[in-house]
*Asks:* 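Handing you a structure now.
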Protein chains: 2
Amino acid sequence: MNKRMATPGRAKISDVAKLAGVSPATVSRVLSRPGLVAEATRLAVMNAVSATGYRMNHAARNLRKQRTGSVVALVPNLGNPFFAKILEGMGRELARGGYDLLVADTLEGEGRHRTLERFLDPSRADGIILLDGLVPHADLDQRDDLPPIVTACEWIEGASLPRVMLDNREGGRLAVAHLRELGHGRIGIIGGPSQNVLHQARLAGAEAAAEGAQLVSFPGDFTLASGQAAADLWTAMPDATRPSAVFAFSDEMACAFMARLHQRGISVPRDVSVIGFDDIELASHLTPALTTIRQPKRDLGRAAAGIIIDRIAGREIAEVTLLVPRLMLRDSTAAPAGPAGGTDRA
Amino acid sequence: MNKRMATPGRAKISDVAKLAGVSPATVSRVLSRPGLVAEATRLAVMNAVSATGYRMNHAARNLRKQRTGSVVALVPNLGNPFFAKILEGMGRELARGGYDLLVADTLEGEGRHRTLERFLDPSRADGIILLDGLVPHADLDQRDDLPPIVTACEWIEGASLPRVMLDNREGGRLAVAHLRELGHGRIGIIGGPSQNVLHQARLAGAEAAAEGAQLVSFPGDFTLASGQAAADLWTAMPDATRPSAVFAFSDEMACAFMARLHQRGISVPRDVSVIGFDDIELASHLTPALTTIRQPKRDLGRAAAGIIIDRIAGREIAEVTLLVPRLMLRDSTAAPAGPAGGTDRA
DNA sequence: AAAATCGTTGTAATCGATTTCAGTCCAGTG
DNA sequence: CACTGGACTGAAATCGATTACAACGATTTT
């Protein structure tokens, strides 16, 4: 029953103004700073607004105010469940700050560079949260024609952009220290691409904690497929060199690794211990429940959001924000079966 | 070494025009319809463009052209890995059509209604793909001030909006038919919220295929937690009424169900068969590999994208697009252990 | 030789909201 | 009574790109 503009388009601010018998300026004021307007006028305008079903035109407002009211998060791959909770935390925090969160996929490889260029634009977003470390170094930190940027989770080596991330090194250290404590002396690592910053940091931590233990590398790229492949490699190794425990740099790889081993009749953790990284929601619902290094994902998202908000507002911010990882002890790790009658030695 | 606007802002079209010695109109033409401009002029303009580092202002363009060049997908929960592949297919198809895909989370519950209202706006998106069925019926299909909308996966009962979705009824039928064929006579159903459209359709299919078999309902809401809870209920049932097979309406519930049973020493599929729904990427990497009903997720995304593109272009479109489900036979289902010495009866 | 046409370019209006600046009106003050 | 100041409102400029329209020279047509 509303008396809306039956016309093709929608009511604009001047229509509302006309109906209320005031100027467009006044309508604008009622909508953005009601305090400036006399009570009676305000009511008249409000009535006109609802009578016309008026809704602001974003393009016009953005053009005039030179801001968009939204922050864009660029992720390398929406398919990765790992990002889900991060984005959730981010969205909530941004909402509190009055921003909308929009997520775009950089579609790894292919159009990556192009997608990035398209969104790195102050006329599209007030700020950018970059969760993809594989962007061409570019001079992202020097160009003056970009909106504020913060990198989260991954980061870009060499660029001086603010970063929010897990202490990945410490995470790697925790995992290997745990396996060492259980008594494992030969530890497999299913890592990421070798130039990946997360890979490097976690590996550094792992090496630091290895001490006497030997680390054996399996190729990986964080995907299920590579976890499965690692399982085949592991199975094919001679007993002498085969690690008694494996540290996968993502829960997905750990999951696929375990599943493949199970298919081949190998039992986790009896025959081999497995520890993952991330603590995705599913990790505790796997068989066996996966021991892993937890990233506080919601906090990470929240932190990144907080920082981008501050940067947009021109406030000073921390260059690096490190969150602390935590070992989630579950059922996929155990002491190694003695190499030849092990347990009695204890 | 680029000679960029050193000034606070960026070069605008008039700066480029000045440098190239032409009018802004010509620059605009070079950028959008180069064919209209003489070769020499075109080159001069291109040079000026790269010399100034000019980049178009989206807000201005959107305002003038009355379009945004992007499509917004509204999902109820970014955390659900199920959406990942759908969004991926969607993004690619939209890119081919010249649109950007932006994803926003409706943040189930809380701000849902508000988020929706914010994005349902032609000045924000040229089209909306709604993956959340729980929006207030609203008169979404009748209002003339909204951009084109298509619902995908879920849909809104009663509204006459175009829909793209799996044939959920058929999916339910396939699952139960499979279990029947294996010889299960009492089948548990871990469903969704009872008013959920997916739940209803799948249940209808399940019932249609049940024939003599008895269906036993467990409460569920598609989450891991509810799958786990169902496992506890199942375990607590007396042998006489306990189903020998369970059909979960999501892979996540199936996964949590299996993991919990495993913890309690119950073996799948020996003691109970489990079938899921969705075929998320992880499904084949679970232990045991999960038998499930596959949704062609990428196709679904692609189809939804295609339809919104057509709607935006004003072309006629199909009101309902049904994709066909497929049974993915893996290791979590098997014939029931004979109620009392079963197998010999065959 | 005049007229019509084509290719190319510039002028200026336009999209819709915000905001500066300059009033107008009225109450309070000296 | 003239003046200051405050509360409120409107006129008009502005954000930056697009595009309808007009204009111009050069060529082709009649």
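Chain naming here is simple, since letters A, B, ... match the order of the sequence lines and numbering starts at 1 in each.
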*Asks:* What is the separation between atom CD1 on Ile13(A) and atom C1' on dT18(C), rounded to the nearest whole Å?
*Replies:* 8 Å
*Asks:* For Asp121(B) and dG16(C), what is the distance between atoms CG and P respectively, to the nearest whole Å?
*Replies:* 13 Å
*Asks:* Figure out the NE2/C1' separation between His58(B) and dA17(D), and round it to whole Å.
*Replies:* 12 Å
*Asks:* Please collect all salt bridge (Lys or Arg N to Asp or Glu O under 4.0 Å) contacts where either partner lies in residues 29-39 of chain A, sequence neighbours excluded, each pair once.
*Replies:* Glu39(A)-Arg42(A)
*Asks:* Is a side-chain donor or acceptor of Arg124(A) paired with a backbone partner of His58(B) at a separation under 3.5 angstrom?
*Replies:* no
*Asks:* Rounding to 10°, can you tell me the angle the first-five-pair axis of the helix from dA1(C)-dT30(D) to dG30(C)-dC1(D) makes with its last-five-pair axis?
*Replies:* 60°
*Asks:* Do Glu93(A) and Val71(A) have side chains that get closer than 4.5 Å, going by heavy atoms?
*Replies:* no
*Asks:* Between dA17(C) atom P and Asn57(A) atom CG, what is the distance in whole Å?
*Replies:* 6 Å
*Asks:* For every nucleotide of nucleotides 6-14 of chain D, 5' to 3': is a protein heavy atom under 4.0 Å from its base (B), only from its sugar-phosphate (S), or from neither (-)?
*Replies:* --SBBB-BB
*Asks:* Kindly say if Tyr54(A) contacts the phosphate of dG16(C), meaning a side-chain N or O under 4.0 Å from OP1 or OP2.
*Replies:* no
*Asks:* Looking only at the side chain of Lys65(B) (C-beta and beyond, no hydrogens), which of the listed nucleotides dA17(D), dT19(D), dG16(D) gets closest?
*Replies:* dT19(D)
*Asks:* Please check this pair: side chain of Thr151(B) against backbone of Pro162(B), looking for a donor-acceptor N/O pair closer than 3.5 Å.
*Replies:* yes
*Asks:* Provide, to the nearest angstrom, the distance between the CD atom belonging to Gln66(B) and the P atom belonging to dG16(D).
*Replies:* 18 Å
*Asks:* Is there a donor-acceptor contact under 3.5 Å linking the side chains of Asp15(A) and Thr52(A)?
*Replies:* no
*Asks:* How close or far is atom P of dC15(C) from atom CG of Leu63(A), stated in whole angstroms?
*Replies:* 14 Å
*Asks:* Specify the separation, in whole Å, of atom CZ of Arg61(B) and atom C1' of dT14(C).
*Replies:* 16 Å
*Asks:* Charged N to carboxylate O under 4.0 angstrom, Lys65(A) versus Asp126(A)?
*Replies:* no
*Asks:* Can you check the Arg10(B) CZ to dC15(D) P distance for me, whole Å?
*Replies:* 15 Å
*Asks:* Within a radius of less than 6.0 Å around CE of Met56(B), do more than 12 heavy atoms belonging to other residues, nucleotides or ligands occur?
*Replies:* yes
*Asks:* Just do the side chain to side chain contact (heavy atoms under 4.5 Å, CB included) check on Leu31(A) and Tyr54(A) with the steps written out, would you?
*Replies:* CA-CA 11 Å; Leu31(A) 264 26; Tyr54(A) 170 74; 3.5 Å; yes
*Asks:* Can Arg302(A) and Asp299(A) be counted as an ion pair, charged N to O under 4.0 angstrom?
*Replies:* yes
